[in-house]
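Everything on this sheet refers to the single structure shown next.
Every number for a ligand or one of its atoms is a count from 1 in the order of the listing.
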Amino acid sequence: MNQNPQSLSLLFLSTPVGALGTGEGGGVELTIKNLAQDLRHTQHQVTILAPSGSHFEEIPIEPIAGNRQIPVQGEGRNAGIYLPPNSVLGNMCDYARQVQADYDLIVNFAYDWLPFYLTPFFNTPIAHFISMGSMSDALDQIMAQTIERFPGTFGVYTKTQAETFPFADACRCLSSGLDLGLYEFSAAHEQSLVWLGRIAPEKGLEDAVAAVQQLGIPLKIFGWLQDQEYWQQILSQYPNAPIEYGGFLSTTDLQQEIRRCRALLMTPRWVEAFGNVAIEALACGVPVISYQRGGPAEIIRDGETGFLVQPDSVEGLVKAINRIDEIDRWACRQQVETEYSLSALRDRFLAWFDQILYPSSVPPFQRGVRGG
Ligand code: UDP
């Protein structure tokens, strides 16, 4: 454990569904990276446990071998609890158990049953950052048991996300943040629109493709191709759509592509917990058009930094695209500067950690937890 009371020793448990830096873990990868980097620059010590093959520039990672978890989205509400043989998640938890005395706090980013179940068996406290909305009954159940026993230990991105859980009031909203220095503002733009994220059914890419097909405006697509079959279906349904897939890019390369575009389209079918791509686009001065559902509905200022349209309405997307020049690109950048700075994100996480580590010094009404 750290001897300097101003400095925390933190052990991050990464997502077990993929290697960091590949996009397989979705938006939580960026949250882990941003937070770890910023905490390390501000006197704290962070070790990240992540599946082997993970890589982040500048941040050391303790690689853990083993087979990965299947992402819970797409498995259905009644799915059972799954662990493969030689589970990387099991190995990560085992490693964490062995080294726990060296840390003040373990921060779990894995959206999975095991770390919740194991929480009472650890001596070092565990903060759970929940990166998605409610996905399965088995997970909701173990999470509810955990928060009952360890109040104040759940963090989420947004209120809308928290509301998908039966224990919504017990979640602390931490939002998200970016290193603004990595995203360059661009007042000028091309005609192209952009769509970003994992290519998977819950992301509703086909609606964005249908909208650009109607308008004849090019759409650039970037992100990890998670579901090949789904992607092939889109290609055969819209063979002549003006779309171009550019693969999965690093943040540096991605922002160069985003900032040239006219707007970002977000078409989530699910309650998107946050939608890091929304603030990445805004940081480049690119307005966001999204279905009014989940995290993006809490981020976008309708008519000011983009448009919120009726969920699942391609017509709504088309109308909003036709109005996109009403949006001032500089207002988009400014929103991120004021609401989504990395230092503010770090402060919110540190305040949360403090409340977990020193609960009695904080009045319960400040904790935002049930029964605090
Ligand atoms: N992303 C990336 N390179 C790409 C496309 C996307 O690094 O070419 C990242 C993007 O920065 C974001 C993540 O992929 O952090 C997608 O996260 P989001 O929160 O939008 O959705 P999720 O995948 O978690 O549902």
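- Between the side chains of Arg259 and Gln255, at least one donor N or O lies within less than 3.5 Å of an accepting N or O.
- Heavy atoms from both the backbone and the side chain of Val277 come within less than 4.0 Å of ligand 1.
- The shortest N or O to N or O distance between Leu249 and ligand 1 is below 3.5 Å.
- A donor-acceptor pair is defined here as one N or O able to donate and one able to accept, closer than 3.5 Å; no such pair exists between the side chain of Glu206 and the backbone of Tyr238.
- Residue-ligand proximity, Trp270 to ligand 1, at heavy-atom distances under 4.0 Å covers atoms 25 (O).
- Distances between N or O atoms of Ser250 and those of ligand 1 include no value under 3.5 Å.
- Looking only at atom types and distance, the side chain of Glu184 has no donor-acceptor partner in the side chain of Gln256 under 3.5 Å away.
- For a threshold of 3.5 Å applied to N or O pairs, the pair formed by Gly26 and ligand 1 contains no separation below that value.
- Between Phe353 and Phe349, the two ring planes are perpendicular [angle over 60°; tilted spans 30° to 60°].
- Looking at Leu196 against ligand 1, nothing comes within 4.0 Å, counting heavy atoms.
- Under the 30°/60° scheme for interplanar angles, the aromatic rings of Phe109 and Phe129 are found to be tilted.
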Subject >> Worked check of side chain to side chain contact (heavy atoms under 4.5 Å, CB included) between Tyr117 and Ile81 >> reply: CA-CA 11 Å; Tyr117 175 76; Ile81 296 148; over 6 Å; no
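- Remark: distances from the non-hydrogen atoms of Phe274 to ligand 1 are all 4.0 Å or more.
- The shell of residues lying under 4.0 angstrom from ligand 1, judged by heavy atoms, excludes Glu202.
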Original post:
Would Tyr183 and Leu282 count as a side chain to side chain contact (heavy atoms under 4.5 Å, CB included) if you check the C-alpha gap in whole Å, the side-chain angles of each, and the deciding distance to 0.1 Å?
Top reply: CA-CA 9 Å; Tyr183 299 83; Leu282 293 174; over 6 Å; no
Original post:
Could you walk me through whether Asp38 and Asp179 pass the side chain to side chain contact (heavy atoms under 4.5 Å, CB included) check?
Top reply: CA-CA 9 Å; Asp38 197 61; Asp179 178 351; over 6 Å; no
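- The closest approach between a heavy atom of Glu272 and any atom of ligand 1 is below 4.0 Å.
- Residue-ligand proximity: Thr251 is placed with every non-hydrogen atom at 4.0 Å or more from ligand 1.
- Under a 4.0 Å criterion applied to the non-hydrogen atoms of Gly247, ligand 1 contributes the atoms 8 (O).
- Note on ligand 1: Gly275 sits in its first shell, one or more heavy atoms being nearer than 4.0 Å.
- Listed by number with element, the atoms of ligand 1 under 4.0 Å from a non-hydrogen atom of Arg198 are 22 (P), 23 (O), 25 (O).
- Against a heavy-atom cut-off of under 4.0 Å, Phe248 is close to the following atoms of ligand 1: 1 (N), 2 (C), 3 (N), 4 (C), 7 (O), 8 (O).
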